[in-house]
Participant: 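After the structure tokens below, expect a handful of questions from me.
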Amino acid sequence: MHSDLVATLVRWYEEEARELPWRRADRTPWSVLVSEFMLQQTQVSRVAPAFEEWMRRWPTPAALAAEPASEAVRAWGGLGYPRRARWLHGAAARIVEEHGGEVPSDVDALLALPGVGPYTARAVAAFAFGSRVPVVDTNTRRVIARAVDGNGDAAPPSTRRDLAAMERLLPADTRVAQLVNAATMELGAVVCTARAPRCEACPVAVHCAWRSAGYPAYEGPRRRVQATFAGSDRQVRGIVMRELRAAHRPVTRGELAPAWADAAQLERAIDTLVADGLAAEGAEGLALAE
DNA sequence: CTCCGGATAC
DNA sequence: GTATCCGGAG
């Protein structure tokens with residue numbers, strides 16, 4: 001159906017793919033899992049250094065599981081969404097307990113791990129184990145919407161529909177299917193970007209349905225926009241977490257007060273961090289939860 | 001009562 | 001991206 005598009009895309013990927021730490025030949029299922037956790041909602045440039053450091057310190061699930069979760073959260077640094085660090089630690093523990101220390105290759109087994117959802121489970125199955133399963137992230141969605149369907153790309157995501165769409169693009173050959181998944185994401189990340197697509201440099205421009213249709217704008221239900229970060233509870237939580245990581249001793253709420261002017265919002269942020277199991281409050285104050 | 005798709009919140 | 005909540009669907 002779209003064999004020319006797909007073949008061209010794969011050829012481009014094999015020539016032009018970025019050299020990223022988690023794509024090296026020495027990668028393991030564990031390193032793939034770690035990178036995918038870090039890449040959830042976080043840009044490549046920010047993940048790379050943290051990934052290297054993490055793998056140096058915890059080269060296996062067992063190594064991570066042997067340490068308290070608080071160490072994982074501390075090492076997570078400023079990557080954001082720190083609950084991912086706890087999930088990754090929890091996943092490592094489960095891998096040790098239930099899978100003999102080996103990352104499972106089965107999508108369903110992966111889905112059972114904390115912090116592993118539809119995207120990550122399939123990404124690990126495909127990129128770590130070479131399974132022929134569709135992998136769909138936001139980049140894939142955009143590329144398919146444009147190049148295949150000829151639409152602008154403000155449509156709300158639909159996991160069911162997008163997985164089916166990707167499935168249809170995958171060739172029978174397992175190895176090539178893996179490349180198609182990776183290449184589609186890569187194109188969306190570096191060429192077919194959301195705001196300013198570089199169509200003049202696109203390797204599959206001649207096969208692009210969006211281009212041949214004259215780049216029509218998307219008409220239909222608009223996707224909701226993400227809340228601004230500045231001043232948000234998310235920002236305040238991030239500030240509190242930074243303080244707790246830096247302090248290797250319990251910190252009182254009073255000591256945290258200077259970190260944020262709005263006292264009520266600060267209290268709320270602290271409360272939610274405790275509720276989320278990221279921070280723990282004892283008699284001496286707050287600390288990273290173990 | 002399980003299975004979505006939508007809406008949030010991080 | 002993932003988890004969680006929630007109302008409608010089967």
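To find a chain, count down the sequence lines: A is the first, B the second, and so on, and within it residues start at 1.
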Participant: Mind calculating the distance between CZ (A/Arg84) and C1' (B/dA9) to the nearest angstrom?
Facilitator: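 One finds 14 Å between C1' of B/dA9 and CZ of A/Arg84, rounded.
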
Participant: Hey, does the side chain of A/Thr120 reach the backbone of A/Gly117 with a donor-acceptor pair shorter than 3.5 angstrom?
Facilitator: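 Side chain of A/Thr120 to backbone of A/Gly117, a donor-acceptor pair under 3.5 Å: no, none is there.
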
Participant: Using a distance-only test with no angle check, is there a side-chain donor-acceptor pair under 3.5 angstrom linking A/Glu36 and A/Tyr119?
Facilitator: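 Side chains of A/Glu36 and A/Tyr119: pair found under 3.5 Å.
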
Participant: What integer distance in Å separates A/Trp76:CH2 from B/dC10:C1'?
Facilitator: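 For the pair A/Trp76 CH2 and B/dC10 C1', the rounded distance is 13 Å.
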
Participant: Base, sugar-phosphate alone, or nothing: which one does A/Arg160 contact when heavy atoms must sit under 4.0 Å apart?
Facilitator: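 Sugar-phosphate contact only.
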
Participant: Can you name the atoms? Protein N/O to nucleotides 2-8 of chain C N/O, anything below 3.5 Å, with the distance.
Facilitator:
from: C/dT2; atom 1: OP1; to: A/Gly117; atom 2: N; distance (Å): 2.8
from: C/dT2; atom 1: OP1; to: A/Gly117; atom 2: O; distance (Å): 3.3
from: C/dT2; atom 1: OP1; to: A/Thr120; atom 2: N; distance (Å): 2.9
from: C/dT2; atom 1: OP1; to: A/Thr120; atom 2: OG1; distance (Å): 2.8
from: C/dT2; atom 1: OP2; to: A/Pro118; atom 2: N; distance (Å): 3.4
from: C/dT2; atom 1: OP2; to: A/Tyr119; atom 2: N; distance (Å): 3.0
from: C/dA3; atom 1: OP1; to: A/Gly115; atom 2: N; distance (Å): 2.7

Participant: Atom CG of A/Asp162 and atom P of B/dG5: how far apart are they, to the nearest Å?
Facilitator: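 Value for this atom pair: 11 Å.
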
Participant: Measure the distance from CG on A/Leu163 to P on B/dC4 and round it to the nearest whole Å.
Facilitator: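 Nearest whole value for this atom pair: 12 Å.
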
Participant: Please compare A/Thr159 and A/Leu273 by the position of their nearest nucleotide in DNA chain B and report the one closer to 5'.
Facilitator: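 The residue closer to the strand's 5' end, by nearest nucleotide, is A/Thr159.
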
Participant: Applying ring pair (Phe, Tyr, Trp, His ring centres under 6.0 Å), name anything that partners A/Trp87, two or more places apart in sequence or on another chain.
Facilitator: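 A/Trp87 satisfies ring pair (Phe, Tyr, Trp, His ring centres under 6.0 Å) with no other residue.
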
Participant: Using heavy atoms to find the nearest nucleotide of DNA chain B for A/Asp233 and A/Ser158 separately, return the residue whose nucleotide is more 5′.
Facilitator: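 On the 5' side of the pair lies A/Ser158.
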
Participant: Do A/Thr42 and A/Arg84 have side-chain N/O donor and acceptor atoms under 3.5 Å apart?
Facilitator: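 Present: a donor and an acceptor within the cut-off.
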
Participant: Could you give the CG-to-C1' distance, from A/Leu88 to C/dG1, as a whole number of Å?
Facilitator: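 Whole-Å distance recorded here is 14 Å.
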
Participant: For A/Arg161 and B/dG6, what is the distance between atoms CZ and P respectively, to the nearest whole Å?
Facilitator: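 It works out to 9 Å between those atoms.
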
Participant: What's the CD-P distance between A/Gln235 and B/dA9, to the nearest Å?
Facilitator: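 About 17 Å, once rounded to whole Å.
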
Participant: Could you pull out all residues at least two apart from A/Phe51 that satisfy ring pair (Phe, Tyr, Trp, His ring centres under 6.0 Å)?
Facilitator: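 Ring pair (Phe, Tyr, Trp, His ring centres under 6.0 Å) check on A/Phe51 returns A/Trp22.
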
Participant: Identify whether A/Met38 and A/Leu110 are in the same connected component of the hydrophobic contact network (ILVMFWY, side-chain heavy atoms under 4.5 Å).
Facilitator: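 Linked within one cluster.
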
